[in-house]
Structures are given as structure tokens and as C-alpha cells.
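Structure, as C-alpha cells:
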Amino acid sequence: MMEQDLRNMLEKTLEKLEVKDQAIEIEVPNDRSHGDFSTNIAMKLARVLRKAPLRIAEDIVALLPKNKAFKDIAIAPPGFINFYIDKAIYYSVISEINTQREMYGTSTIGSGEHYNIEFVSANPTGSLHIGHARGAAAGDSLARILKKAGYKVTKEFYVNDGGNQIHNLTLSINARYQALFNQSVDMPEDGYYGKEIIALAESIKASHGDRFVKEDGYRFFRQYGVDYLLARLKSDLLAFGVTFDIWFSEAKLYENNTVEATINTLKEKGFTYEKDGAVWLKTSDFNDEKDRVIIKSDGTYTYLTPDIAYHQEKLSRGYTKLIDILGGDHHGYVPRLQAATEMLTGKRGVLEVDLLQMVKVVRDGEELKMSKRSGKAITLVDLITEVGKDPIRYFFAMRSLNTHMELDLDLALKETNENPVFYAQYAHARIASVMRQASEKGIHVNTLIDHFDTFDSEKIDTLLTVLVDYKNVIEEAAQKRIPHKITQYIHRLAQALHSFYAEEKVLSDNERATKERLALLYAVKIVLKDALSLVGVDAKESM
RNA sequence: GUUUCGGUAGCUCAGUUGGAUAGAGCAACGGCCUUCUAAGCCGUCGGUCGGGGGUUCGAAUCCCUCCCGGAACGCCA
């Protein structure tokens, strides 16, 4: 709000100087001694007006309309204009937060938008591993942030239950099952060797005995295996704080003839041709490096085909944008998928793909290589049981999606301050503790105080500026889709709190001072908890 | 070879629609608990922003070139 006032003031001033079409940049300086807001407009105009930036800055300041909220306006070389806000203006944020509670910081920048975010989408052929964990954390955090920013969001998981991998899963289950009765059946090529498949086989043995030693169990194994593993995926994700609005089955695409219909649409629009007995899609006309086969010469589909149909199905539901969160190893797959959605919609940019780079796992200073064949991999469940949900959620949220990241298990396993999540949770617990003691002393916390006579420290000013900044942070994190903006904010707020806490006692003999500070802490607690919830981390009442 | 992500402090990472002395955590070092939780606070140390050119009043950020590492380049999924 202050920023908007400032923008209007500057626009009027530029009109007086007869400057047109000049975008005004207003930023919050990193160094607060440079003011609460700052603009580089004078430097931008140097070339246009052919005048020294400092002189232009002087002219602007002289012509600025008066506004008592800006206590001080200063010019700094090489030409910045810095604005200092009367701190008393900031005090109103306290009752604002305490009134709006978890609605504080909510934005409307996303209104009218309905995003569909597809993430994880792991095949139901085994346990979720560390890469899926990163995807789950990223997708879920993004969804929460977008909602906070006013977007409508649907979270979706695509279940690949129609392809060849399920066939291999079924054969793998059979091999494991037969082995329990000393029958030697070879694992299929590209079989699944995870220990969860052995557990699955044992569970079949427990319920059905040796029935499938004599009788063919293919159909049963297939259905049982998918159901069993899908149920595990759901419960593992739930333990990680991640839920989905829609679990979409690939098999449904065939039942509803969506695949066939989509192929026909593409054919009718003239985007296909036949060559070497196969049907190709002209994706190279839409930024792909070459055309792609959608129907192989043996008549079956490639992986791409049902996936295009799946995106067509999502598009038909009326979202304003589709977001896929994929592993970075799929980057080559992105152009063909975007080409297909452009063919179907006639529009570019309907599908956006956020790529996650690999997670390198380190233990004892050495990289842990994942082996698919032996089923040796760090699973999500392992991480949750060994380290806990919160540190892992926080750790993943801290990194930008696009960066290669390293997960040091020795470090993650430590329950020390090396895990940054404790720092934030501790801040929240400290406030909770003060609140408890206040109530024991019979102090009533009036959260709606709007007069603050006893605030006289820089620590409080810092705390207030961070609280005021919350909405801006939400909006930037949502628009740029960068969850780590939120963890940075959490750290900033926790730091301001700890620093304040160390400097002065909240519960003092001065009744007025005590009440004012309790109202402030109450507001900090609300925002801290809300920000943590955006990255799927619980706030603790005590530690 | 092509595409793509990355190379910023000892380590892990922010910062890249050009802007003020390049930031944070951890590690290291020095202080602070008879007072609301020391999982904390206060301070110090620490960087040729991979190398080299160029554009600009101003470059970690934009352009060119080279070097190093991850990943992908199927009528697999």
C-alpha cells in the first residue's frame, strides 16, 4: 500500500518533468540504512534527459507531492532516491495480522487463474525414492503458495497403470511369489527388484497360500500388485504431508477412448503422416528437434501417445494453465509434449514444465549410487522414519527446483542446529512458551491493541518490516514459482524474533509494555506458523 | 557431436527482466545463561562470482569464446 502511494507520487512528478513512458522501479533496499523504499529512476533518466543523475534526483525530490507517511527522503550517489517511512505507520500491521489471522498475506494476484499441477506421478511398481520426494515437496509447496496468492489449484497424480512396466511388475511379483515355494522362476528383463515386491509376494502367500503355484496367477498378481503399491504410495505421501485432488489412471484413457480420439484430432488437423509403416507427429513444426512416432509399425503406441491424450484430457477440464513437474532427466521430452499441446489448443505456453535436477545422496563423504536392479535406493519412507517429515520438507523447499542438490545423510540425520528447520520451529515454540507463562500470570493478551507507546528498539522495527513484507514475498514466490523464497522469509522472521527475544524481556513489570509486546509476538506467531505451513512444516508449541 | 542444468566463502546454497560495500546457513575463532526455552544472542574471520574478451555511467547478472561437472539425446517407458 505504501509502495503504491509512492508509485503514484513519482508518476505525478514525472508528468511535471514531462517524462513519458518510463517504467518506475521501486525496490526495498537490502541495506535498510538506505531506506524502506528506493528508486533508481534518476539514473534511468540520465540518458533521456542528458543530465547528471544527482541533479535529476534533486529535481524529482523538489517536485514530489507531500505525504506525511514518508518521514524522510534522501538522495544518495550515484543517484538513488531513498524513502524512509514513519515507523508508527507500521504499527497498524499488528492488529491487522491479529484480526485476519491465517488470512493475512493472502493475495489476489492469481484470481481468475486455475492451475493444474501434476507431480510425482511415479509408476506403481515400487517404493517412492528420493527423487520422488523432491518432486512431492516441490509440487505440494508450490500448490500451497499459489493458493495463498489467490490461484485456484488442482493437484494431480498420473498413474501409469497401462503400459509395459506393469507387465514387468506382474512377472516380478510372480517370480518372488514362486520363490517362496522354492519354485525357480526367472525375473523378467527390466524386472523390479525392490524389497517391497518381496513383501508383496509374502502378503499374497499369507492370504492365498500356494494357490498360484499350480494355477496361473497373472491377472490376480497384476491387479493385486497395482492396488497394493498404489495404496502404499498414497500412505507414504500422506505421511509426507502431501495429498492429491485427482489420481488419474492411464487405463481410463483407453476405457474412454481418449487416446484414439486424440490421435484422430491430430490426424484431422493434419499434424501426422505415415513413414516406414509408422505414424509420425510433426512436432518439429513446433520447436521440437525432430518428428516423433505416435503409432509404431507394430501398431502399438509409444509412451508419448497416451501422455498426449492425458494432457488433452486435462485441457478439456478448463484449466488456465497446466504445470508438469518433471525430473531433469526428462528435459528432452518437454518440447514434444509442448508441441502436442500447442497442436491441440492452438496456443503456446498452456503447458509449462518445471524441471527438478538430480539429488546427489552422500553418506560418509561418499556419493551413494542408486541401483535399480538390486532395489537399493533411499526411499521416502526411510527418510521420514530416520530424519522426520519436517526437516526433509524444509530442506527440499530451501533449494530452487532447478539446482542440482546434495543431500548429506549424516547431516540430515543430525538433530542439531545444522538442520535449519529447528531454528524456525524454536522461534515459534519460544513465543508459545511466553504466551503460556503470560496466561499463568493471569495476563490477558489483547491482540487488538492499536496504540504502541513503548516500542523503542530497532529489533521491533525490524520485526515489523519483515511482517509487512509477507504479502510481497508470497506474490513473488507464486509468480516465479520459487518455494525457497518462503524458507528464506521464514528464516528472516525467525532471526528477527530471536534477536528481539534476546534483547528484551516480554513479560516485565511494565504492564503497558508487556501488553504491547504480547500483541506483537502474537502476530509473529501467526505469520511464522502460516509461512511454515506453506512448505508443509508443522509449527511446534514446545520443543 | 547436439540439447539441457550447473560452476558464487572451507562446505551446502541464495542472488542473474544490470544498480549502492556480492548474501545466508553450517564450519572456524572470541564473547554472553541467578532473568520469559543457550536448538538462542552478539562479534570476528572468510570470495580472482570457472578463465578470457566485449557492451555500459555501472556486469555475478547481457553478448562472444574457452574450460570443468551432472543429465538427456530410441518405432524404451
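Here is the naming used below: chain letters follow the sequence lines, and residue numbers restart at 1 for every chain. Please read all numbers here as calculations on a predicted model, not as lab measurements.
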Touch check for Ser433(A), heavy atoms < 4.0 angstrom, all strands: base, sugar-phosphate only, or nothing?
base
Assigned partner base of C49(B), Watson-Crick or wobble definition, under 3.5 Å
none
How should the glycosidic conformation of C33(B) be described, syn or anti, under the criterion that syn lies within 90° of 0?
syn
Do Val159(A) and Leu233(A) come within less than 4.5 Å of each other through their side chains, counting heavy atoms only?
no
Thr454(A) side chain to Glu516(A) side chain, donor-acceptor N/O pair below 3.5 angstrom
yes
With a non-hydrogen cut-off below 4.0 angstrom, is Glu274(A) in contact with a base, only sugar-phosphate, or nothing?
nothing
Which whole-number value in Å describes the distance from Arg430(A) CZ to C41(B) C1'?
8 Å
Distance check, P atoms only: A22(B) and G40(B), in whole angstrom units.
28 Å
Kindly indicate whether a cation-pi arrangement holds for Arg222(A) with Tyr218(A), taking the cut-offs as under 6.0 Å to the six-membered ring centre and within 45° of the axis.
no
For U21(B) versus U65(B), give the span between their C1' atoms, rounded off to a whole number of Å.
31 Å
Nearest-angstrom distance from the residue atom OH of Tyr423(A) to C1' of A38(B):
13 Å
Just checking Lys540(A): base, sugar-phosphate only, or nothing, at a heavy-atom cut-off of under 4.0 Å?
nothing
Between U16(B) and U61(B), how many Å separate the two P atoms, rounded to a whole number?
12 Å
Let me check something: any side-chain donor-acceptor pairs from residues 532-543 of chain A under 3.5 Å, sequence neighbours excluded? List them with distances.
{"unit_1": "Ser533(A)", "atom_1": "OG", "unit_2": "Asp530(A)", "atom_2": "O", "d": "2.6"}
{"unit_1": "Asp538(A)", "atom_1": "OD1", "unit_2": "Lys389(A)", "atom_2": "NZ", "d": "3.4"}
{"unit_1": "Asp538(A)", "atom_1": "OD2", "unit_2": "Lys389(A)", "atom_2": "NZ", "d": "3.2"}
{"unit_1": "Glu541(A)", "atom_1": "OE2", "unit_2": "Lys525(A)", "atom_2": "NZ", "d": "3.4"}

With C1' as the reference atom in both, quote the distance from U44(B) to A27(B) in angstrom, rounded to an integer.
14 Å
Run the side chain to side chain contact (heavy atoms under 4.5 Å, CB included) test against Glu342(A) and tell me which residues pass, sequence neighbours left out.
Phe286(A), Arg348(A)
Let's test this: given Watson-Crick or G-U wobble pairing with both distances under 3.5 Å, identify the partner of G23(B).
C13(B)
If C41(B) has a Watson-Crick or G-U wobble mate with both distances under 3.5 Å, name it; if not, just say none.
G31(B)
Pairing partner of U2(B) (Watson-Crick or G-U wobble, both distances under 3.5 Å):
A72(B)
What nucleotide among C36(B), G70(B), G40(B) has an atom nearest to a side-chain atom of Met358(A)?
G70(B)
Please measure how far the P atom in C68(B) lies from the corresponding atom in A60(B), and state the result in whole Å.
25 Å
Spacing of the C1' atoms in U3(B) and G74(B) (rounded, Å)
16 Å
Could you state the NZ-C1' distance from Lys485(A) to G23(B), rounded to the nearest angstrom?
12 Å
Lys252(A)/Glu313(A) salt bridge by N-O under 4.0 Å criterion:
no
Which pairs count as salt bridge (Lys or Arg N to Asp or Glu O under 4.0 Å) when at least one residue sits in residues 423-440 of chain A, sequence neighbours excluded?
none
CD of Gln495(A) versus C1' of C26(B): gap in Å, rounded?
14 Å
Which is true for Ala429(A) with a 4.0 Å heavy-atom rule: it touches a base, it touches only sugar-phosphate, or it touches nothing?
base
Atom CG of Leu326(A) to atom C1' of A71(B): distance rounded to whole Å?
14 Å
Quick tally for nucleotides 72-77 of chain B: nucleotides whose base has a protein heavy atom under 4.0 Å get B, sugar-phosphate-only ones S, the rest -, giving SSSBSB
Taking for each residue the nucleotide of RNA chain B bearing the nearest heavy atom, is the 5' side occupied by Tyr501(A) or by Leu355(A)?
Leu355(A)
Whom does A60(B) pair with, Watson-Crick or G-U wobble, provided both distances fall under 3.5 Å?
none
Working for side-chain hydrogen bond (donor to acceptor under 3.5 Å, both in side chains), residues His311(A) and Asp324(A):
CA-CA 10 Å; His311(A) 283 79; Asp324(A) 286 2; 2.7 Å; yes
Residues two or more places apart in sequence or in another chain: which of them pass ring-ring contact (aromatic ring centres under 6.0 Å, His included) with His491(A)?
Tyr423(A)
Between C26(B) (C1') and His491(A) (NE2): distance, integer Å:
10 Å
For the residue pair Thr302(A) and Thr305(A), confirm or rule out a side-chain donor-acceptor distance under 3.5 Å.
yes
Grab the NZ-C1' distance between Lys360(A) and G7(B) for me, whole Å please.
12 Å
Using salt bridge (Lys or Arg N to Asp or Glu O under 4.0 Å), reason through Arg481(A) and Glu352(A) one step at a time and then give a plain yes or no.
CA-CA 11 Å; Arg481(A) 299 208 292 271; Glu352(A) 284 188 35; 2.7 Å; yes
With rounding to the closest Å, how many angstrom separate the C1' atoms on U8(B) and G25(B)?
15 Å
Glu541(A) CD to C36(B) P, straight-line distance once rounded to whole Å
19 Å
P atoms of G19(B) and C62(B), separation to the nearest Å
10 Å
Any side-chain donor near an acceptor of the partner, Gln425(A) and Asp390(A), under 3.5 Å
yes
Could you run down nucleotides 10-21 of chain B 5' to 3' and tag each one B, S or - for protein heavy-atom contact under 4.0 Å?
--BSSS---BBB
